[in-house]
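Here's the structure, in structure tokens; my notes come after.
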There are 2 protein chains.
Amino acid sequence: MDQVAPAAPPEFSARQNDVLEVALRLLVEGGDKGLTTAGIARAANCSKESLYKWFGDRDGLLAAMITYQSSKVRAAAGPGAPPERAAFRALLVTFAEDLLTVLSGDVSLALNRLAIGEAGGAEARLGGLVLKAGRRPIEARARALLEAGRAAGHVAFADTGDAYHTLYGLIVRDLHVRLLLGDRPEPGETDRRARAATAIDQFLRLFGVPPRADETKPERAAAGQAVTNRV
Amino acid sequence: MDQVAPAAPPEFSARQNDVLEVALRLLVEGGDKGLTTAGIARAANCSKESLYKWFGDRDGLLAAMITYQSSKVRAAAGPGAPPERAAFRALLVTFAEDLLTVLSGDVSLALNRLAIGEAGGAEARLGGLVLKAGRRPIEARARALLEAGRAAGHVAFADTGDAYHTLYGLIVRDLHVRLLLGDRPEPGETDRRARAATAIDQFLRLFGVPPRADETKPERAAAGQAVTNRV
DNA sequence: GGGGAACCGTACCGTACGGTACACTGCTTG
DNA sequence: CAAGCAGTGTACCGTACGGTACGGTTCCCC
């Protein structure tokens with residue numbers, strides 16, 4: 001919002017990407033304290049001087065790691081055509097599964113831990129960056145999907161953001177925070193596909209519009225009995 | 001589980017509680033880096049030597065802060081009598097509101113940030129401690145409540161833990177992680193009572209059993225149409 | 001081929017923090 | 001009153017890390 005030309009985010013050379021990759025590996029292995037400039041330079045066969053030339057300071061390096069990693073997890077594009085009913089459900093399940101996979105990833109967890117650990121102090125720059133670079137794209141994908149489903153008459157809700165937050169809650173529950181705290185996932189949580197399907201079932205029970213005899217006229221579907229959405 | 005006599009967790013003297021209070025304040029204000037042993041000693045008018053005598057080392061001090069804080073947020077006792085329908089819903093709403101209040105608290109956020117930041121490295125002792133001392137009591141309270149509601153025939157589910165996780169997800173959504181990352185709550189999220197009521201409404205739409213004409217015989221209510229709970 | 005830019009490896013500096021030692025003080029107890 | 005205990009304040013030590021400087025090497029471009 002405060003960026004004039006966001007079309008060209010700071011991209012890095014191949015060499016710098018290699019260094020960022022090494023830094024991410026070190027971060028995953030050793031956490032915050034395992035990520036020292038000397039350690040990165042040694043592991044990546046580069047000099048500390050280059051690190052500071054490329055990334056400014058340690059914080060710039062961490063920020064670069066976040067943007068680099070989120071650039072790798074580009075979300076798939078939204079649906080082009082208004083999805084048919086079963087396809088819409090399938091897209092939701094895929095989204096849920098992708099979300100669980102991303103949030104459970106080693107690198108994602110390590111970066112979130114890093115940003116959260118930094119967030120308490122005076123400057124919470126990394127936290128905002130994770131929110132912007134990491135979560136916003138995912139949210140945007142989900143919102144587009146939800147609104148396409150609403151336009152097609154499969155779901156009904158007043159506030160897209162509210163529906164998204166509920167969807168997120170049903171999918172992720174407390175798994176993310178528990179993983180961040182170092183907990184092991186419970187046996188039932190390892191089957192991400194099944195968890196995703198269950199969550200979407202629940203979401204559609206809350207926000208779904210029952211199929212109609214004349215599926216061709218989904219115009220005024222938003223008045224279904226599914227949503228109260230009290231204010 | 002590995003503790004022989006957990007009836008007497010390490011309690012601290014009044015003086016030590018004062019010190020822990022000061023340490024929590026420093027942690028809230030300055031985050032991880034703002035919490036140095038010298039800083040605590042100065043702010044609490046005690047000597048570093050006393051800190052190390054009382055708490056062993058820095059990690060012991062952090063652990064003491066966690067147990068001290070969670071001892072202050074003792075959850076209310078479970079329902080004694082099987083709750084009537086409206087009362088059951090009210091208890092759920094109260095639980096939801098309490099949960100949101102606790103998770104949004106300054107101290108809770110700071111301690112979670114601390115534990116999460118530490119969790120990446122070799123020893124994730126603080127993370128486990130937060131899970132055990134902070135979250136388990138809340139979960140126990142909710143589970144007791146849910147099972148009382150099931151026994152009274154108001155809700156139906158096969159796995160209590162699964163129902164609890166869904167309840168948690170509907171209440172908290174992604175608010176906790178966003179707050180941990182330093183995000184500000186959205187306007188609609190500040191009214192915790194309304195959010196709690198909405199979440200419980202949704203939960204009851206998923207797991208609720210419709211009231212019956214003969215409310216006096218809630219015995220075989222678990223066969224209601226509300227739950228599929230696919231495995 | 002020569003000049004220069006980028007970069008590696010290492011050595012170095014200042015600082016800040018965890019942890020320890022020690023002298024001094026006030027309060028309790030026999 | 002004397003002894004002792006608990007605690008305070010300060011000084012101190014070792015280490016580890018962020019950041020800088022510098023010599024040597026490679027490689028590209030003119």
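Please read these numbers as outputs of a predicted model, since none were measured by experiment.
Going from atom CG of A/L51 over to atom P of D/dG19 covers 11 Å, rounded to whole Å. Across the protein-nucleic acid pair, B/I40 atom CD1 and D/dT8 atom C1' stand 16 Å apart, rounded to whole Å. Taking atom CZ on A/R42 and atom C1' on D/dG18, their separation rounds to 14 Å, with Å as the unit. Computed from coordinates, the A/K53 NZ to C/dC8 P distance equals 10 Å when rounded to whole Å.
The shortest distance between the side-chain N/O atoms of A/S50 and the OP1/OP2 oxygens of C/dC8 is below 4.0 Å. Residue B/W54 places at least one side-chain N or O under 4.0 Å from the OP1 or OP2 atom of D/dG7.
Checking C/dA6, C/dC8, D/dG18 against the side-chain heavy atoms of A/Y52 singles out D/dG18 as nearest.
Here salt bridge (charged side-chain N to carboxylate O under 4.0 Å, His left out) pairs that include residues 166-178 of chain A, with residues two or more places apart or in two chains, are A/R173-B/D162, A/D174-A/R178, A/R178-A/D183, A/R178-A/E189.
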Using distance only, find each side-chain donor-acceptor pair of residues 30-46 of chain A under 3.5 Å and give its atom names and separation, not counting sequence neighbours.
residue	atom	partner	partner atom	Å
A/D32	OD1	A/R58	NH2	3.2
A/T36	OG1	A/G39	N	2.9

Less than 3.5 Å apart, which donor and acceptor atoms pair up between the side chains of residues 102-111 of chain B and the rest of the protein, not counting sequence neighbours?
residue	atom	partner	partner atom	Å
B/S104	OG	B/L100	O	2.7
B/S108	OG	B/V102	O	3.4
B/S108	OG	B/N112	ND2	3.4

For this session: Check the pair A/F207 / A/L146 against side-chain contact (heavy atoms from CB on, under 4.5 Å), numbers first and verdict last.
Result: CA-CA 10 Å; A/F207 292 91; A/L146 287 176; over 6 Å; no

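With salt bridges taken as basic N to acidic carboxylate O contacts below 4.0 Å, one links B/K72 and B/E21.
By the side-chain hydrogen bond (donor to acceptor under 3.5 Å, both in side chains) test, A/R136 is found to be paired with no residue, residues two or more places apart in sequence or in another chain being considered. The ring pair (Phe, Tyr, Trp, His ring centres under 6.0 Å) check on A/F88 picks up A/H154, with sequence neighbours excluded. The side-chain hydrogen bond (donor to acceptor under 3.5 Å, both in side chains) check on B/T160 picks up B/E147, with sequence neighbours excluded. Remark: A/T94 pairs with no residue by the side-chain hydrogen bond (donor to acceptor under 3.5 Å, both in side chains) rule, at least two apart or across chains.
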Expected rows: protein N/O vs nucleotides 12-17 of chain D N/O, under 3.5 Å:
none

Output a table of nitrogen or oxygen pairs between the protein and nucleotides 3-5 of chain C separated by less than 3.5 Å.
none

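Residue contacts shown for B/R15 are limited to sugar-phosphate atoms, with no base heavy atom under 4.0 Å away.
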